[in-house]
Amino acid sequence: MTEPNGRNDSPILVIGAGVVGASIAYHLARVGLRVTVLEHGSVAGGVTGNSFAWVGLSKSAAETYSDPFRQGAAVEFDRLERELAEPIGLRRRGAITWEETEAETRAFVDTHRALGHPVDLIGKEEILAREPGLRRAPVVAASAPDDGGVDPVAFARSLMRGAEEYGATVHSGVSALGVLTEGARVCGVVTADGPVYGSTTVLAAGTAIPELAASAGVDVEVDDSPCCLIRFSTPHPLVNGILSTPDFEIRQLDDTTLIAAEDVPVGFSGDARELAEPTLQAVRSQLVDGDHVELIEAVVADRPIPRGARPLLGFAEGVSGLYLAAAHPAIILAGAIGAHVAGDFARASSLDC
């Protein structure tokens, strides 16, 4: 832990070790800044570890990419893939999606292609050639050949190990209970073991950000959006890439683990395994050897969605020494988030000179 002396020479505190916090720690440490990460559980132990971790654009609405931040995300992600020493479980084998009707699928492809996105319309024969594990296929589907997925836990851990190699310190099992202030300046956080001081505190703790920020008198609008991540065992790979259809959204995490993402109905408070049952039945009926698929677990996790749906990245207003960081989808945005935050700190440092 950092000692309660000289606030200005204390490290930057990053609260949260999901993919957002891990990327921020990596990018700040990479440029020579002192960084300490506090995580109440383990690295990627929260919503990151229960992410579908789709890397690409195929299922997103085309207009999403009118945001310059999102436009540059793929380039920054590719940079991270090259930089990180440890494998991140990337399986870039394309994505095939279709909607309820042929007309909706064609419209989806047309809107993407109008903006120059690498999304193609493919027919039934090509769908089955790319995904021979399908028992049947629609007349047409959208294909994004560059899309893929990562192992989100491996990705966050690789980022954090990279941060440590650059000198960052990581403390797991340490909960930030609130923010420490001295007048209008944030100087650290309160933990069960006492205060931990930092020159700047970065809140990257997902849905916990609003409560932590409120302890410094800062109002943050980050909504909880529950999603169910389902894990199945498979005897061998049943699909090559990502399949997103009206019945399921699935991909192989590894050769014997199939994962699926499902929305959570408003007000749902039951067993998450109930949400997995329709997906399990669809997988068993629509995939070759699907009858050998078994449910491992289903977990509901709250995704942090900044109000307005754009990434929340910046120094808080009304106080100094506090930085806010929340974004969705965080996996594909990870590189862009880290680079942006490092840039903000560099600009702030130049203004202090």
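Side chains included, hydrogens not; waters and symmetry mates left out as well; all remaining heavy atoms used. Fair warning: this is a prediction, and the values are worked out from it, not measured in the lab.
For Glu131 (side chain) and Leu243 (main-chain N/O), no donor-acceptor pair under 3.5 Å exists by modelled atom type. Side-chain atoms of Thr191 come within 3.5 Å of backbone N or O of Gly194 as a donor-acceptor pair. Put simply, the side chain of Ser244 never gets that close to the backbone of Glu249: no donor and acceptor are under 3.5 Å apart. Judged by distance alone, with hydrogens and angles left aside, the side-chain atoms of His117 form no donor-acceptor pair with the main-chain N or O of Arg113 at under 3.5 Å. A donor-acceptor contact shorter than 3.5 Å links the side chain of Ser199 to the backbone of Ser10. Judged by distance alone, the side chain of Gln252 and the main-chain N or O of Asn240 form no donor-acceptor pair under 3.5 Å. No donor-acceptor pair closer than 3.5 Å links the side chain of Thr257 to the backbone N or O of Leu253. In terms of modelled atom types and a separation under 3.5 Å, the side chain of Arg303 and the main chain of Ser225 share a donor-acceptor contact.
In the model, Glu86 has no side-chain atom that pairs as donor or acceptor with a side-chain atom of Ser158 under 3.5 Å. Residues Glu102 and Thr105 bring no donor and acceptor atom of their side chains to less than 3.5 Å of each other. In the model, Arg135 has no side-chain atom that pairs as donor or acceptor with a side-chain atom of Ser285 under 3.5 Å. His236 and Asp255 are not linked by any side-chain donor-acceptor pair at a separation below 3.5 angstrom, with hydrogens and angles left out of the test.
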Please determine whether salt bridge (charged side-chain N to carboxylate O under 4.0 Å, His left out) holds for the pair Asp344 and Arg347, giving the CA-CA distance in whole Å, both sets of side-chain angles, and the decisive distance to 0.1 Å. CA-CA 5 Å; Asp344 280 350; Arg347 286 184 287 274; 2.6 Å; yes

Residues Val140, Lys124; criterion side chain to side chain contact (heavy atoms under 4.5 Å, CB included); working and verdict: CA-CA 6 Å; Val140 295; Lys124 182 176 182 178; over 6 Å; no

So Ile230 and Glu262, side chain to side chain contact (heavy atoms under 4.5 Å, CB included) or not? Walk me through it. CA-CA 8 Å; Ile230 309 163; Glu262 293 295 337; 3.8 Å; yes

Evaluate side chain to side chain contact (heavy atoms under 4.5 Å, CB included) for Val288 paired with Leu238, printing each intermediate quantity in order. CA-CA 7 Å; Val288 175; Leu238 300 186; over 6 Å; no

Side chain to side chain contact (heavy atoms under 4.5 Å, CB included) for Arg34 and Ile12? Distances and angles first, verdict last. CA-CA 6 Å; Arg34 294 175 58 219; Ile12 298 167; over 6 Å; no

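The minimum heavy-atom distance between Gly41 and Glu39, with the atom names listed, is N-OE2, 2.8 Å. Here the closest non-hydrogen pair linking Gly56 and Ile332 is N-CD1, 4.1 Å. The minimum heavy-atom distance linking Ala156 with Gly18 is given by the pair CB-C, 4.4 Å. Minimum interatomic distance between Ala330 and Ile337 (heavy atoms only, all atoms of both residues): O-CD1, 4.5 Å.
Ion pairing of Arg273 with Glu297 is absent here, as no side-chain N (NZ or NE/NH1/NH2) approaches a carboxylate O to less than 4.0 Å. For Arg30 and Glu165, the salt-bridge test fails: no basic side-chain N is under 4.0 Å from an acidic carboxylate O.
Using a 4.5 Å heavy-atom cutoff, the side chains of Ile122 and Ile96 are in contact. The side-chain heavy atoms of Arg92 and Asp147, taken from C-beta on, include no pair separated by under 4.5 Å. With a 4.5 Å cut-off on side-chain heavy atoms, Ile88 and Phe77 count as touching. With a 4.5 Å cut-off on side-chain heavy atoms, Val239 and Ile250 count as touching. In this structure, the side chains of Val189 and Thr201 come closer than 4.5 Å at one or more pairs of heavy atoms. Inter-residue side-chain proximity for Val170 and Glu164 is flagged as met; some heavy-atom pair is nearer than 4.5 Å. Side-chain contact between Val293 and Leu280 is present, with heavy atoms from C-beta onward closer than 4.5 Å. Within the 4.5 Å cutoff, the side chain of Thr279 has heavy atoms near those of the Phe232 side chain.
Separation of atoms OH (Tyr197) and OG1 (Thr36) is listed at 14.5 Å; rounding is to 0.5 Å. Atom CG of Asp120 is separated from atom OG of Ser143 by 5.5 Å, given to the nearest 0.5 angstrom. To the nearest 0.5 angstrom, Arg161 atom CZ is 16.0 Å from Tyr166 atom OH. Summarising the geometry, atom CZ belonging to Arg93 is positioned 15.0 Å from atom CG belonging to Asp146; distances are rounded to the nearest 0.5 Å. Going from atom CD1 of Ile296 over to atom OG of Ser233 covers 5.0 Å, rounded to the nearest 0.5 Å. Note: Leu203 CG to Leu312 CG = 9.5 Å, rounded to the nearest 0.5 Å.
Note that Arg310 lies outside the cation-pi zone of Phe69, set by a 6.0 Å cut-off to the ring centre and a 45° limit from the axis.
Residues Val19 and Val299 are members of separate hydrophobic clusters, defined by side-chain heavy-atom contacts under 4.5 angstrom among Ile, Leu, Val, Met, Phe, Trp and Tyr. Two different hydrophobic clusters hold Val196 and Val37 under the rule that ILVMFWY side chains link at heavy-atom gaps under 4.5 Å. Linking ILVMFWY residues whenever their side-chain heavy atoms come closer than 4.5 Å, directly or via other members, places Tyr26 and Ile24 in the same cluster. When the side chains of ILVMFWY residues are joined at heavy-atom separations under 4.5 Å, either directly or via intervening members, Phe155 and Val341 end up in a single hydrophobic cluster. No continuous path of hydrophobic side-chain contacts links Ile259 to Val47 [ILVMFWY only; heavy atoms under 4.5 Å].
Ring geometry for Phe345 against Tyr323 counts as tilted: the plane angle lies between 30° and 60°, on a 0 to 90° scale.
Atom CG of Asp263 sits in a sparse spot, with 12 or fewer heavy atoms from other residues, nucleotides or ligands closer than 6.0 Å. Within a 6.0 Å sphere centred on NE2 of His340, other residues, nucleotides and ligands contribute more than 12 heavy atoms. More than 12 heavy atoms of other shown residues, nucleotides or ligands fall within 6.0 angstrom of atom CD in Glu81.
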